[in-house]
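Proteins come first, then strands; the chains are lettered A, B, ... in the order of their sequence lines, and each starts at number 1. On a predicted model such as this, the values are computed, not experimentally measured, just so you know.
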Amino acid sequence: MRWIAYFILAYLFVGMHVGLRGFVGYAGAAPDIVLLAVVFIAINAPRDAALLGAFGLGLMQDLLSAQPLGLYAVGYSLTAMFVVSTQEIVYREHPLTHFSLGLIGGLFIALVMTVHGWFWPGQPSMMTETGDPIPAVRASFVTRLLSAFFTAMLAPLILFLLMRIKRLFAFEGGRKRAWGRRS
Amino acid sequence: MSRLTFNHVFVALLFVALLSSFVILPRRDATPVPQLQMLFAPVARPTSKIASWLDARIGKAAPADPEMPDGPPRLASEVYKENEELRLQLAALTAQLQQLAEINAEREAVGDIRPLCTPFVVIGADAGTRQSLALQGTSLDGLAVDQPVLRGQELVGRILTAGMGGAIVQLVVDDHFKANGGFARFEAGSNEYIPIASKLPLVQGTGQGMLIQNLSLRDVEESGLRAGDWVVLSDRDWPIVVQGRRLGRVVSITTGAPLYARIAVQPSTDLMKIREVMVLTHRTVDATGDSKPAQKVKQMQ
């Protein structure tokens, strides 16, 4: 994989994600555009490059979020591990593949966020000075599912455009070289 | 062999990320947030501008204030705007005066808050799921942690981190935000500001709005609280000049935990769509008209 192209893609997608958040979405749920870049990399790149690329994208997103560092890195890595394992059995250019991988990736992220929310809710339960109990406040799982759905809805369009420029990433060259080394 | 090495490295990276996100960093009071927003501003800001422009044209308009009187269409928008502004100012001044009396600081001037604030452009929002905004400003511009952030007369958040690379605003709707508040309302048809007596409500962000869960149903009934009432800041950890600033309006009162009310509060606009904010970078104005830097307010978390 051509890493300079990867970094340009990462820069553009993370920047666009930061700029669009708040404007695109419904009821607090928003599509995860960076996840679509992860799916694009993972569906095309050789295994090692795909996993490292997904981890890097997650780390970049973590650095621009108030959430603990590593949360998206874990989520995107899990997504990439799944997508890489399907590389040989899916039709990479098909919109349905893009939709389903976008949805599954979104579900992975929702799962990681929800598990994190169980352990570390935004507002843990507590007692006031007067002894009044205040229940914990946790982000809604339904909102996260809705985000996954929005991401999946955008996936065919974004991945269609990315597939048109995939030659810039030299995925095939990297894959051939990697296989050649192993054989 | 190389495959084995990569697998080891990748598993180690995942393990470190898991440890960081689930064990080490969530325990810290102050999250080590982002100082890299400025790096992404060349992409994020134009994207945000375009999205904002599109949103203004095809998005849903903000709902009208239900308390405002009906009137003929002539210059109604200007009258409403002015009236709303006056009510917000009156609310803020009343609460500030009340608190000033309590702390026996009558000499402290309650002037216009504008000279104390510095406007900052919003670059974009949090890249994750938190409700925060990245500002195009740094600690060199006077930004410091815990400074209150306003939009018009409303309090929208506080500075979560500020450094050489940028600053982050934690919005009042963020699910890590909490502050003490108070209730108030304007009687229909008049501009009389009426603080509503109740136990001190704890306002918590939920990610999509705010929630008050520490008042019993009986307290709520006795206070006569109803949908549409204002929720204003009343927290001594915040500077006096922002006391009484509106956080939002009560949108519903339901039953939460047994015998306790669950009061949902919403700000007047979608805070994630704000393009510019005013940060209280100065706390007081001296006799010469110069403003003094704001002191940090006690961290709420």
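The number of heavy atoms from other shown groups lying within 6.0 Å of CZ (A:R167) does not exceed 12. Around atom CZ of A:F141, more than 12 heavy atoms belonging to other residues, nucleotides or ligands sit under 6.0 Å away. Open room surrounds CZ on A:F149; 12 or fewer heavy atoms of other groups in view lie less than 6.0 Å from it.
With respect to chain A, the highest number of heavy-atom pairs below 4.5 Å among B:R45, B:K49, B:M272, B:R262 belongs to B:M272. In terms of heavy-atom pairs under 4.5 angstrom with chain A, the leader among B:P42, B:G209, B:G128, B:A41 is B:G128. Heavy-atom pairs under 4.5 Å with chain A were tallied for B:D270, B:T206, B:L18, B:T129; the largest tally goes to B:T129.
Residues A:V18 and B:F40 fail the side-chain proximity criterion, which asks for heavy atoms closer than 4.5 Å. Contact of the A:S77 side chain with the B:F10 side chain is registered, since non-hydrogen atoms from C-beta on lie closer than 4.5 Å. B:L13 is listed as a side-chain neighbour of A:L52, based on a closest heavy-atom distance under 4.5 Å. B:L39 has its side chain out of reach of A:M60: every pair of non-hydrogen atoms, C-beta onward, lies at least 4.5 Å apart.
Using a 4.5 Å cut-off between heavy atoms, B:S52 contacts chain A through both its backbone and its side chain. With a 4.5 Å cut-off on non-hydrogen atoms, A:F119 touches chain B through its side chain but not through its backbone. Using a 4.5 Å cut-off between heavy atoms, B:Q204 contacts chain A through both its backbone and its side chain. Neither the backbone nor the side chain of B:P46 comes within contact range of chain A; no heavy atom of the residue lies under 4.5 Å from a heavy atom of that chain. Using a 4.5 Å cut-off between heavy atoms, A:S147 does not touch chain B at all. Of the two parts of A:V115, the backbone and the side chain both hold a non-hydrogen atom closer than 4.5 Å to a non-hydrogen atom of chain B.
Pairing each heavy atom of A:L71 with each of B:F22, the nearest pair is CD1-CE1, 3.8 Å. Shown here for B:S20 and A:G70, the closest heavy-atom pair between the two residues is OG-N, 4.4 Å.
Checking side-chain atoms of A:R21 against main-chain N and O of B:A125 turns up no donor-acceptor pair under 3.5 Å. Listed for the B:D55 side chain is no donor-acceptor partner under 3.5 Å among the backbone atoms of A:F23.
Atom-to-atom distance recorded for B:D126:CG and A:H17:NE2 is 8.0 Å, nearest 0.5 angstrom. A distance of 8.0 Å separates CG of A:L20 from OG of B:S48, quoted to the nearest 0.5 Å. Note that CG of B:L14 and CE of A:M81 are 6.5 Å apart. Values are rounded to the nearest 0.5 Å.
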